[in-house]
Structure formats: C-alpha cells, structure tokens
Amino acid sequence: MAGEDELKLLGTWASPWVSRVKLALHLKGLSYEYVEQDLDNKSDLLLTSNPVHKKVPVLIHNGKPICESVVILEYIDEAYGTTGPSLLPTDPYERAIARFWVDYIDQKLVIPWKVAFTADGEEEKTEGIKQMLAVVQTLEGALKECSKGKPFFGGDSVGYVDIALGGLLAFLQGTEELCGTKPFDIANTPLLLAWVERFTALDAAKVALPDVTKLVEFAKTKRAQMALSIKK
Ligand SMILES: N[C@@H](CCC(=O)N[C@@H](CS)C(=O)NCC(=O)O)C(=O)O
C-alpha cells in the first residue's frame with residue numbers, strides 16, 4: 001500500500017481521540033500529514049469530511065474520510081495489515097474481547113471522568129470519582145486477563161486496548177490536578193501503574209501524546225470558560 005498512498009489526519013493537539021490515531025499510525029510506521037483544526041471555527045475540510053458529527057479525528061486516506069477514533073484504528077489495522085505490527089489480535093475470540101474492553105473504556109471511563117472534572121458540587125464530584133475509580137479497578141482486572149502476565153493488554157506488544165486507553169493517558173495523568181484524585185496507585189492498581197510507565201516510555205507515546213502540564217493548563221482554562229458561559 002506504500003508509495004502513492006496519502007494519509008491526512010485532521011485533529012486537535014489536546015484530543016485523546018486524536019492521540020489514539022496518532023499512536024496507531026506511529027506504531028504501524030505510517031507517515032501522514034497532520035492538519036491541526038480550530039474547533040471554534042471548523043474548516044470546510046472538516047465539515048465535509050465528517051458532516052454527521054463534525055468532530056476530530058478524521059483520517060483521510062487517498063481522499064476518502066474515515067471518522068470515529070475506534071473505527072479509524074480498525075481501518076488502519078485492516079488497510080495496512082501487512083505493514084508494521086497487527087493492532088487487533090488474529091484470533092476471533094481475542095478480537096471480540098479486545099473490542100469489548102475498548103467499548104467499556106469509551107462507555108464507562110470517560111463519563112465519570114467528565115463528571116469529576118466539571119462537577120459543580122462536592123457530592124457530584126465525589127460520585128464521579130467513585131465511579132471512575134471503580135472502572136479503573138475493573139480495568140486492572142482486564143489488564144491481568146488480557147496480558148496473561150505480559151507487558152501490555154496486547155501481550156508482548158501494544159495492541160488495540162493499549163492504544164484506546166493510551167490515547168487517554170495524558171488526561172488520566174492530569175487527573176490528580178484536574179479532579180483531585182489519582183486514578184492509578186500502587187495499592188489498588190499495581191499492574192496499570194507499571195503499564196503507564198511502560199506505555200509512556202514508547203517512542204510512539206512520546207510523539208503522539210500531549211504534554212501533561214500543557215494539557216492540564218488547557219483543560220483548566222476550558223473549564224473556567226465553560227463555567228462562565230453557564231453563569232451568563
Ligand atoms: N467518539 C469520538 C469523539 C471525538 C470527539 O469528541 N472529538 C472532539 C475533540 S476532543 C471534537 O471534535 N469536538 C468538536 C465538537 O464537539 O464540536 C471519537 O472517538 O472519535
């Protein structure tokens with residue numbers, strides 16, 4: 001597929017969903033053009049490429065747009081099956097399990113995180129944190145089950161679940177400062193804690209993930225702007 005192939009990624013630097021796609025492209029060793037988008041002033045290219053959701057990431061492969069981070073990850077794996085490592089397992093049952101956990105991350109982890117981040121009152125915040133920590137605890141079990149004692153959810157190498165969770169990592173690392181609690185700790189999630197160390201040491205992570213300090217400042221500013229616009 002190399003040669004005449006053209007890959008363009010529409011994204012914003014702080015988006016965890018965009019980070020997922022960057023991670024996959026880097027892990028596969030694919031070169032691409034990255035086009036930063038202004039979400040307050042969406043480009044015609046973004047609006048015509050993702051007319052339904054009008055969101056990033058969008059991967060444009062030889063002029064054809066693909067939307068939604070997990071759809072893009074699977075597309076990359078299928079379209080570039082022979083390039084770089086496989087992201088999804090080859091065994092159908094293990095593929096199903098990997099898809100289950102990615103869906104779990106998107107359905108269950110993100111919502112309580114947002115509640116803890118944006119909550120007005122202490123009660124709502126405490127509930128968001130409680131739910132987020134319960135989900136992280138379940139993911140600790142998922143890592144044990146999927147990795148079978150190896151370094152990653154994908155086993156010896158980074159796979160679909162690693163990328164899906166890894167894309168969120170800069171936000172998760174900023175959680176203590178943004179939400180007042182650590183999602184990972186040695187007592188409750190020793191496997192995930194070690195996984196974070198390994199994941200952030202990867203070259204792909206160094207290139208694809210935003211700087212945590214910069215992200216925390218950005219998120220705090222966004223939160224303050226949101227609070228102001230609600231009060232108006
Ligand atoms: N489920 C989507 C989420 C994408 C998403 O929420 N993108 C945000 C940036 S972090 C966006 O483009 N927001 C623009 C908007 O809501 O108008 C995915 O996984 O790709």
Side-chain angles (χ1 to χ4, degrees), residues 7-28 30 32-61 64-79 87-88 98-118 128 132 135 139 153 158-175 178-179 204-205 208-212 214-227 229-230:
L7 285 168
K8 189 180 280 193
L9 173 62
L10 310 187
T12 53
W13 69 271
S15 168
W17 322 114
V18 173
S19 295
R20 283 177 171 176
V21 178
K22 286 183 179 171
L23 282 166
L25 291 168
H26 284 281
L27 286 162
K28 281 283 204 184
L30 297 167
Y32 61 97
E33 182 192 351
Y34 176 70
V35 188
E36 179 76 14
Q37 299 295 301
D38 176 359
L39 295 182
D40 295 326
N41 183 18
K42 291 179 183 167
S43 68
D44 285 346
L45 183 59
L46 174 58
L47 296 174
T48 52
S49 304
N50 190 354
V52 175
H53 294 305
K54 304 174 178 64
K55 291 183 178 188
V56 291
V58 179
L59 183 71
I60 306 177
H61 185 196
K64 291 189 282 185
I66 306 112
C67 307
E68 287 294 310
S69 61
V70 292
V71 177
I72 299 171
L73 295 185
E74 295 209 18
Y75 178 81
I76 292 171
D77 208 27
E78 286 175 18
L87 305 180
L88 275 138
R99 287 185 174 123
F100 173 88
W101 286 117
V102 171
D103 184 62
Y104 179 78
I105 290 164
D106 282 1
Q107 300 294 329
K108 298 290 183 191
L109 180 62
V110 177
I111 293 165
W113 191 94
K114 282 187 182 162
V115 170
F117 175 61
T118 51
M132 177 179 67
V135 171
L139 288 173
F153 283 91
V158 170
Y160 188 48
V161 186
D162 297 283
I163 295 170
L165 188 60
L168 311 182
L169 206 47
F171 274 98
L172 292 170
Q173 289 178 302
T175 300
L178 292 170
C179 311
L209 296 182
D211 176 72
V212 179
K214 185 177 164 198
L215 187 67
V216 165
E217 286 318 307
F218 171 80
K220 282 181 180 170
T221 307
K222 278 275 167 202
R223 178 166 58 189
Q225 285 168 351
M226 269 156 46
S229 68
I230 290 166

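When a ligand or atom number is given, it counts from 1 through the structure's own listing order. For reference, positions follow the sequence shown, starting with 1. These numbers come from the heavy atoms of this one structure, side chains and all, not from hydrogens, waters or symmetry mates.
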Kindly write out the residues that satisfy side chain to side chain donor-acceptor pair (under 3.5 Å) with Asp211, not counting sequence neighbours, or none if the list is empty. none

Check each of His61, Lys64, Glu68 against Tyr75 using the side-chain hydrogen bond (donor to acceptor under 3.5 Å, both in side chains) test, and report the only one that passes. His61

Looking at CG of Leu172 and CH2 of Trp113, how far apart are the two atoms once the value is rounded to the nearest 0.5 Å?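 Going from the CG atom of Leu172 to the CH2 atom of Trp113 covers 8.0 Å.
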
Taking atom CD of Glu78 and atom CG of Leu87, what is their separation to the nearest 0.5 Å? 10.5 Å

Write down, by chain and number, every protein residue that brings a non-hydrogen atom to less than 4.0 Å from an atom of ligand 1. Ser15, Trp17, Leu39, Lys42, Lys55, Val56, Pro57, Glu68, Ser69

Output field: ring centroids Phe153/Trp101 closer than 6.0 Å: no

Got a donor-acceptor contact below 3.5 angstrom from the Lys42 side chain to the Lys54 backbone? yes

